[in-house]
Every structure is written in structure tokens, then in C-alpha cells.
2 protein chains.
Amino acid sequence: MTTAKKSRKADPRGAATRGSSRFLELLEPMMAAPGVARDAYRISLVGNFFNGPIYLVIQKQFGLLRDEINTLFCLAHFPELSQTDICLVMGRPKNSVSRAISRLLQRGLIAVRDDPDDGRKGVLSLRPEGYRLYQDTRRLFEEREAQMLASLTKADRATLDRLLTKIMASHEDWSELF
Amino acid sequence: MTTAKKSRKADPRGAATRGSSRFLELLEPMMAAPGVARDAYRISLVGNFFNGPIYLVIQKQFGLLRDEINTLFCLAHFPELSQTDICLVMGRPKNSVSRAISRLLQRGLIAVRDDPDDGRKGVLSLRPEGYRLYQDTRRLFEEREAQMLASLTKADRATLDRLLTKIMASHEDWSELF
DNA sequence: CATTTCAAGTCCCAAATGGAACTATAATTG
DNA sequence: CAATTATAGTTCCATTTGGGACTTGAAATG
């Protein structure tokens, strides 16, 4: 192993840096390599380290799966949506969203009515209990996002926001349709 | 539906904006709401729209699963790693990594030898065929990342890089240990 | 207005995923 | 240096996931 020499008293530098910053020790050379999709990789890491664990907590604590909580999120900010809309804005396949919807309906967290203009569509909306649940999870996300961005200055954060807005605005040029 | 009025000749503004920018129409109000983890949400969207589809292509084209290709990536830039190292730097659970490793070994894409200093560990490394495969997928990522970042100026891109570096450097303060 | 094409949503099933229990080795401690 | 605790890695199994086929209703075509 790169780490090990002989006297495995633990490498002093690593230990000195307090805690295992083994992570950075490993990541840095990977990010330094030329021709690497650095940004894509790190964004995907955020997914693994940040989003994944949150969804896990939400599942344990509220019994809501990833697509379920995200559906509540959508409906909390856009009061009437079809299933297709939700697929579109979340970037998720329609069978997964379908499943999420039916579980949310069963639990009484959302409501549907038929779309008077299109017999195939349903019009979804949030019910009070769903809104309450959403608010609880929202806090969780907010707090943890704050931790993640804690190392950024206020200006940095504004910049990040601006860049993500730009990236999302051009979303049709790079995103794959599910 | 919000869209629909009566004459469902398709809403002219949406149509005028060319193609369905329905996505932005839906996303904007969600991102404008106060108290929303905007950055976390959009980063997770990148995962859905960008990473997900790439992994799908790689799976179809090369028969490599997500954890498998990421393992090759790690080994391509850090020549000797243990399984635990890979878990750490990828933010993935160890059973998933274990499975990935055994499939890569079976296909002859990587090699293991026993760690002389620790009987529990294996020392993993890339074999030429694995490196070749990695190079092919690397190109894919690179091209698609370029598309995603196309709307950013050169300066923007440098800034994004700087911000992600900062966020990753503080990773221990916000990431959940798997 | 019959026929064909397309879109919304559901269902089925094979595959992927990850928690938890387990094995084996290493480190710690009294 | 036995007993205990911790770490690396594997196996098992229940759950989640998503492609694809299918059903039903809307639009387009001739």
C-alpha cells in the first residue's frame, strides 16, 4: 500500500493532519490528472456523500423513499403537476415516479383529480399532511446544505448559485431525456 | 394543469421559446422559494440528468457497472489501493465495492496481490486491458462534461473548479461516513 | 371519421443495491 | 501474552430500481 512503509506506526504526516485526511490524499492526485472530468466526478461525489445519506435518514425517519420526498418537494412549490411534469423536473423515469405517486396517494400525502382536458393525465396536489412532512425534511436538507457550504464565503455561495443557475438554464443542451 | 387553458393549441410562449422549456418553467419557481436547499437540489439533478445516463451508456457499451467504472478510475490515478481506500474516496458502501472488485478481477481488468504488511488487505492495481477500457470511458465523461459546462465562460469554469475544491477539502465536516 | 401515430401512466420482471451478520486478521490493553 | 476490540473484506437476503411491454386516451393523417 502507498501508505505503508515498515514501521506501521501510522504515517506521521497523515496522523499529524489530524483525523484521516486520507480522503484528500487519495482524491487530490485523481483531480490533478489531465483530461479528467473533475467537475462531473466531484458533483457525483456530492451525490454519494451528501444526498445519499440524507435520503437514508429520511427513509428511516419518515418512511419516504427518494422519489417520494422529491415528489413532495415538487408539489410543495408547484401546486398542480402531472406525473410527467414530475418526471421532467426531477429527471427520473416514469415508472419510478408512478410508484412513488401511488405510495404517496395511499398514505394520503397527496391528492389526484382527473385532468378535465386530458383523460390520460391526473392532476396532483399536496395534502396538508404531505406539506407538514415536506417541511420537516426541508429543514434537514437546509441544515446539511449549510454544513456543506460552510467553507465557502458569502460571495462564493452567491457565485455557486449563479453557476448552477447557468448550468440548469442550458440543461436541454446536455441532459439526457429519460 | 397550469399549462392548459382551453384552446390547447399549446401555450404559445412555451412553444415560442423553442422546444419545451417546460423544465425551466417548473424548476424556476421551485428554486425561487425561500428556505430551499437550492444547491443540494440542483447538484442532485446533475446526478440524475448527467451521471445517471452516462453510467447507463457505459453499462450498455462496456458492460461495466457504476462502481466498476469508478473503481477503474480510482486505480488509473492511484496505482495501488485497497478496497477500503476505494470505498473512502468514492463514498460507497464496502459490499458494493467488494462486488465490483470481484467482477473486475474476473474480467481480468485489475489485479490483486496480498498486502505483505496486513493479511486482511489486498493491494489492487490496474491491468492494461482495464486501463484501455478506462480511457474509452474517460473520453465519454470528458465530452459530456464539456457540454454541460458549455454555457460557462472560461472564468466561470475556473471558479466552479475552485469552489468544488473548497467543498471537497472540507468534506469531513459535512460528509456522512458509510 | 377510420386509421395510424403518439403521449400518459401502469405493470412485470430481472437486475442492482445496500444493511447486517459473519470470517479472518490486526491492534490494544491489562 | 491471553482476552478484547477494531478493521478488511465477503456473503446473504430483502428491498429498490428501471427497462420494456402494455393499456388507454389524444392527436395527426388521408
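Every chain is numbered from 1, with letters handed out A, B, ... down the list of sequences.
Rounded to a whole Å, the CE atom of B/Met90 is 11 Å from the P atom of C/dT17. Atom CZ in B/Arg66 sits about 7 Å away from atom P in C/dT17, given to the nearest Å. One interatomic measurement links the two molecules: CG of B/Leu56 to C1' of D/dT17, which rounds to 12 Å at whole-angstrom precision. Following rounding to the nearest Å, B/Glu80 (CD) and D/dA8 (P) show an atom-to-atom distance of 17 Å. Across the protein-nucleic acid pair, B/Gln106 atom CD and D/dT10 atom P stand 13 Å apart, rounded to whole Å. In this structure, the NZ atom of A/Lys60 is 11 Å from the C1' atom of C/dA20, given to the nearest Å. Between the CD atom of B/Glu68 and the C1' atom of C/dT17 there is a distance of 13 Å, rounded to whole Å. Spacing between atom CG of B/Asp67 and atom C1' of D/dG9 amounts to 15 Å, rounded to whole angstrom units.
Axis orientation changes by 30° from one end of the helix from C/dC1-D/dG30 to C/dG30-D/dC1 to the other, with each end axis drawn from 5 pairs and the value rounded to 10°.
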Could you give the side-chain donor-acceptor pairs of residues 70-78 of chain A under 3.5 Å, partners two or more places apart or in another chain?
unit_1: A/Asn70; atom_1: OD1; unit_2: A/Tyr55; atom_2: OH; d: 3.4
unit_1: A/Asn70; atom_1: ND2; unit_2: A/Tyr55; atom_2: OH; d: 3.0
unit_1: A/Asn70; atom_1: ND2; unit_2: A/Arg66; atom_2: O; d: 3.2
unit_1: A/Thr71; atom_1: OG1; unit_2: A/Asp67; atom_2: O; d: 2.6
unit_1: A/His77; atom_1: NE2; unit_2: A/Tyr134; atom_2: OH; d: 2.7

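Each of A/Ile54, A/Asn51, A/Leu149 was checked for a side chain to side chain contact (heavy atoms under 4.5 Å, CB included) with A/Arg144, and the lone residue meeting it is A/Ile54.
For the side chain to side chain donor-acceptor pair (under 3.5 Å) condition, the pairs that include at least one residue of residues 148-159 of chain B, sequence neighbours left out, are A/Arg162-B/Asp156, A/Lys166-B/Asp156, A/Ser170-B/Ser151, B/Thr153-B/Asp156.
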With B for base contact, S for sugar-phosphate-only contact and - for none (protein heavy atoms under 4.0 Å), nucleotides 5-16 of chain C reads --BSBBB----S
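From B/Trp174, atom CH2 reaches atom CD of A/Glu145 across 11.0 Å, with rounding to the nearest 0.5 Å. Atom CG of A/Asp39 sits about 8.5 Å away from atom CG of B/Leu152, to the nearest 0.5 Å.
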Verdict with supporting geometry, A/Leu64 and A/Leu109, side-chain contact (heavy atoms from CB on, under 4.5 Å) | CA-CA 11 Å; A/Leu64 290 169; A/Leu109 301 177; 4.0 Å; yes
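Among residues two or more places apart in sequence or in another chain, the side chain to side chain donor-acceptor pair (under 3.5 Å) test is passed with A/Ser125 by none. Every residue meeting the side chain to side chain donor-acceptor pair (under 3.5 Å) condition with A/Thr165, not counting sequence neighbours, appears here in chain and number order: B/Arg42.
Taking 4.0 Å as the cut-off between side-chain N and carboxylate O, B/Glu142 and B/Arg139 do not count as a salt-bridged pair.
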